[in-house]
Amino acid sequence: AQNAIALNSYGWIVIRGECVVKGAAGITAGLLLDTNGGAVAGQLDDDTTVGQLVGRALTATGTPLAATVVARVPLLCP
């Protein structure tokens, strides 16, 4: 989600597939992603820590829009 979802509130969840999400600067296609977006809440960021990974970047940051990245979730390793 782009922001924290309060208890008993609605948000969106991607269970499987491709989605466009906020992405931290410096992500390139193929990097593994986690939900710790650095200083900005709701961003995905690149990471290699097992147990924190949520997907893989299909594009670099800025594609298709500024500060976004196309991601595939759940994590599907080749």
Side-chain angles (χ1 to χ4, degrees):
Q2 294 182 359
N3 299 292
I5 300 172
L7 184 63
N8 297 321
S9 296
Y10 295 94
W12 60 269
I13 298 172
V14 177
I15 296 172
R16 180 176 296 157
E18 296 177 7
C19 56
V20 176
V21 295
K22 289 184 177 180
I27 295 173
T28 58
L31 289 179
L32 299 173
L33 302 171
D34 73 5
T35 56
N36 178 14
V40 180
Q43 280 189 335
L44 293 184
D45 200 0
D46 58 292
D47 196 347
T48 57
T49 306
V50 176
Q52 295 182 5
L53 303 176
V54 297
R56 182 179 300 274
L58 299 179
T59 65
T61 304
T63 306
L65 301 170
T68 67
V69 62
V70 177
R72 177 179 291 131
V73 294
L75 177 62
L76 300 174
C77 294

*Inter-residue atom distance D34.CG - T48.OG1, 0.5 Å rounding*: 9.0 Å
*asked:* Does any part of the side chain of L44, heavy atoms only, come nearer than 4.5 Å to the side chain of V54, both counted from C-beta?
replied: yes
_Where V69 and A57 come nearest, the two heavy atoms and their spacing_ = CG2-CB, 4.0 Å
Show every donor-acceptor pair shorter than 3.5 Å between a side-chain atom in residues 24-33 and any protein atom, with sequence neighbours excluded, or say none if there are none.
none

*Please assess E18 against L58 for the test side-chain contact (heavy atoms from CB on, under 4.5 Å), listing each intermediate value before the final yes or no.*
CA-CA 9 Å; E18 296 177 7; L58 299 179; 3.5 Å; yes
*Of all residues at least two apart in sequence or in a different chain, which pass the side chain to side chain donor-acceptor pair (under 3.5 Å) check with T49?*
D47
*Taking all non-hydrogen atoms of both residues into account, name the closest pair between V20 and T68 and its distance.*
CG1-CB, 3.8 Å
*What is the distance from atom CG of D45 to atom NZ of K22, rounded to the nearest 0.5 Å?*
14.0 Å
*Is there a side-chain contact between C19 and V70, using heavy atoms and a 4.5 Å cut-off?*
no
